[in-house]
Amino acid sequence: MTVTATRGAPGGPAGAPVAGCSGLSAALGEPMTGTAPHVRRLVAVEHIGAWPRKVADHPDPAVTALFDRLRADDVILLLIRRPGREGRCDADGARTVYV
């Protein structure tokens, strides 16, 4: 996806095109504070199925145990899923982990 704005970014020439969502947000004067965590270490684990807003509240004890172990070492656990529907129901398949 390509997003462009024609209102120049702050500090840039007026009317100069800016690319990307952050450029468009800056051009529109939107707040630039995001919701992504500011952490030094993060582990993202592919997960099949739904999960609660907070990983610590997950009903699967294996997930909450992993969350607790990582949190003790100041590491954030993120649950992720693949885009689309392919492979979502394969509970016994391989998982992807990003460290």
Side-chain angles (χ1 to χ4, degrees):
M1 176 170 108
T2 302
V3 178
T4 58
T6 57
R7 296 176 60 188
V18 292
C21 294
S22 62
L24 180 59
S25 291
L28 295 174
E30 294 178 337
M32 297 301 285
T33 305
T35 58
H38 295 277
V39 295
R40 295 182 58 114
R41 296 184 295 170
L42 183 135
V43 174
V45 177
E46 183 180 0
H47 181 70
I48 305 285
W51 58 80
R53 182 177 172 108
K54 295 180 182 177
V55 179
D57 297 334
H58 199 285
D60 184 344
V63 174
T64 54
L66 177 59
F67 172 81
D68 291 337
R69 277 197 321 266
L70 292 173
R71 195 66 181 162
D73 290 327
D74 203 25
V75 178
I76 297 293
L77 172 64
L78 291 180
L79 300 178
I80 59 173
R81 71 171 48 106
R82 292 174 191 236
R85 299 245 178 231
E86 186 176 330
R88 281 203 182 168
C89 296
D90 186 10
D92 296 327
R95 302 289 189 273
T96 301
V97 177
Y98 297 99
V99 180

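Atoms considered below: every heavy atom in the structure, side chains included; atoms not considered: hydrogens, waters and symmetry mates. Predicted model, so just to flag it, every value in this text is computed and none were measured.
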Visitor: Name the atoms and distances for all side-chain donor-acceptor pairs under 3.5 Å in residues 57-68, with sequence neighbours left out.
Guide:
unit_1 : atom_1 : unit_2 : atom_2 : d
H58    : ND1    : D60    : N      : 2.9
H58    : NE2    : H47    : NE2    : 3.2
D60    : OD1    : A62    : N      : 2.9
T64    : OG1    : P61    : O      : 3.0

Visitor: Quick one, R81 with I48, criterion side-chain contact (heavy atoms from CB on, under 4.5 Å). Give me CA distance, side-chain angles, the key distance, then yes/no.
Guide: CA-CA 7 Å; R81 71 171 48 106; I48 305 285; over 6 Å; no
Visitor: Looking at CG of L42 and CG of L70, how far apart are the two atoms once the value is rounded to the nearest 0.5 Å?
Guide: 9.5 Å
Visitor: Linking Ile, Leu, Val, Met, Phe, Trp and Tyr through side-chain heavy atoms less than 4.5 Å apart, which residues share a cluster with Y98?
Guide: I80
Visitor: Applying a strict under-4.5 Å side-chain criterion to I, L, V, M, F, W and Y, I'd like to know whether V99 and L78 cluster together.
Guide: no
Visitor: Run the numbers on I76 and V43 for side-chain contact (heavy atoms from CB on, under 4.5 Å), then give the verdict.
Guide: CA-CA 6 Å; I76 297 293; V43 174; over 6 Å; no
Visitor: Are V75 and V97 connected in the hydrophobic side-chain network, where two residues link if heavy atoms are under 4.5 Å apart?
Guide: yes
